[in-house]
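Okay, so here's the structure we're looking at.
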Amino acid sequence: MDKIALLGFDIARLWAKYWPNYLVGIRNTLIVAVIATLVGCIIGLICGILNTIPYTKNDSLGKRFILKLIRVIIRIYVEVFRGTPMILQAVFIYYGLPYFTDGSISFKGNAGIWVASLIVVSINTGAYMAESVRGGIISVDPGQTEGAKAIGMTHVQTMYNVILPQAFRNIIPQIGNNFIINIKDTSVMFVIGFIEFFATHRNIVGVNLMYFPSAVIEMAGYLCLTLTASILLRLLEKKMDGNDNYDLVQVDALTMSAGTYNHPGKGTPFDERNPEAQKSMFREELRRQAERDAALREGQMAETRRSHGNDTMSSDGGDR
């Protein structure tokens, strides 16, 4: 207990003295994570779409060659950036580009460090998102693509109106996962001098040598950031899912059966265990029976009138 009390005291002292530094580190971490995730999603979307453009043997040789070349380039990009650590990617981009370009491309000053950090995290995220988008696109039922083509849609129209909305919903969990990973993985940007949350911790420890209390603050801070991100992403998923019940405006139960969806836990219009469904179907059956009875009575009355008219004509003919 004495150790825990001492740890709490050291944490309180560190936070009271360095809380502005910690908040600056958190701010920088969030800025890089949010921007890099958005840019990475755009890169992944472009790569995923280009990687799934269909072609057949009947297409021209030039089209097939270009599409195959694009897929090879995307595959190399994905494998390189998924197969190497981000810290080495940061070193290569920040130090390697000036080395190979003789300084014509360099990242000078604090602004250059920011740009390099955003480039590294964005490209790394794009490599992961490229495969996520590709998986989301091919997960959509191929019959929907065929149906869109059957009504005259082009590939671009089919992708924009039919495939991508469904694919986007399928990959939202992966987008959230990459965002949470980016919150944590920005910690490797200290290698190029970027001052984010983890680099702030290293700087503070270098001054007062209180490594473990500062590490506890770091862990608590990262945990709060990732939990908040998870909650917000769950709310976004729930918002995109919409309501549980969808009812068509048609009254005819046979028409409703073609498209009505109800949450399984709340019963369907044809569920015998659903009292509301039973009442609705009973009222509908009564209405149909009344319509049939009315039609039957009208038919009988019409038949009676025709029979009476024929009898009258027969009597007149006999008298003449």
* **Worked verdict on Glu291 versus Arg288 for salt bridge (Lys or Arg N to Asp or Glu O under 4.0 Å)** => CA-CA 5 Å; Glu291 291 177 354; Arg288 291 184 180 182; over 6 Å; no
* **Ile217 vs Tyr18, side chain to side chain contact (heavy atoms under 4.5 Å, CB included): CA-CA, chis, key distance, verdict** => CA-CA 11 Å; Ile217 295 176; Tyr18 297 106; over 6 Å; no
* With side chain to side chain contact (heavy atoms under 4.5 Å, CB included) as the test, would you mind laying out the steps for Ile113 and Ile195 before giving the verdict? => CA-CA 9 Å; Ile113 294 175; Ile195 305 299; over 6 Å; no
With rounding to the nearest 0.5 angstrom, report the [atom1] to [atom2] distance, [X] to [Y].
| X | Y | atom1 | atom2 | result |
| --- | --- | --- | --- | --- |
| Tyr94 | Ser106 | OH | OG | 8.5 Å |
| Asn203 | Asn208 | CG | CG | 11.0 Å |
| Tyr222 | Leu227 | OH | CG | 14.5 Å |

* Salt-bridge criterion met for Glu196 and Arg202 (N-O under 4.0 Å) -> no
* To do: Please report the C-alpha distance between Cys41 and Ile175 in whole Å, then the side-chain angles of each, then the deciding distance to 0.1 Å, and finally whether the side chain to side chain contact (heavy atoms under 4.5 Å, CB included) criterion is met.
  => CA-CA 8 Å; Cys41 288; Ile175 294 175; 3.9 Å; yes
* Going by atom types alone, do Gln166 and Asn170 pair a side-chain donor with an acceptor below 3.5 Å? -> no
* Asked: Is it the case that Ser214 and Tyr22 place a side-chain donor and acceptor less than 3.5 Å from each other?
  -> yes
Is it the case that the side chain of [X] and the backbone of [Y] share a donor-acceptor pair, with hydrogens and angles ignored and the cut-off at 3.5 Å?
| X | Y | answer |
| --- | --- | --- |
| Ser187 | Lys184 | yes |
| Asn161 | Gln157 | yes |
| Arg71 | Asn51 | yes |
| Asn28 | Phe197 | no |

* Kindly write out the residues that satisfy side chain to side chain contact (heavy atoms under 4.5 Å, CB included) with Val188, not counting sequence neighbours, or none if the list is empty. => Met86, Ile87
* Asked: Step by step, would you call Phe92 with Tyr99 a side chain to side chain contact (heavy atoms under 4.5 Å, CB included)?
  -> CA-CA 9 Å; Phe92 182 86; Tyr99 177 82; over 6 Å; no
* To do: Report the relative orientation of the aromatic rings in His201 and Tyr211; use parallel for angles under 30°, tilted for 30 to 60°, perpendicular for over 60°.
  => perpendicular
Would [X] and [Y] show up in the same hydrophobic cluster when neighbours are defined by side-chain heavy atoms closer than 4.5 Å?
| X | Y | value |
| --- | --- | --- |
| Val191 | Phe194 | yes |
| Leu236 | Ile183 | no |
| Met129 | Ile138 | no |
| Ile49 | Ile172 | yes |
| Val162 | Val156 | no |

Side-chain touch [X]/[Y], heavy atoms, less than 4.5 angstrom:
| X | Y | value |
| --- | --- | --- |
| Leu225 | Ile26 | yes |
| Phe179 | Thr125 | no |
| Lys3 | Leu7 | no |
| Ile204 | Asn21 | yes |
| Ser230 | Ile180 | yes |
| Thr52 | Ile163 | no |

* Asked: Counting only heavy atoms not in Arg234, do more than 12 fall under 6.0 Å of its CZ?
  -> no
* **Trp19 atom CH2, neighbour heavy-atom count above 12 within 6.0 Å** => no
* Asked: Is it true that Tyr77 and Phe81 have ring centroids separated by less than 6.0 Å?
  -> yes
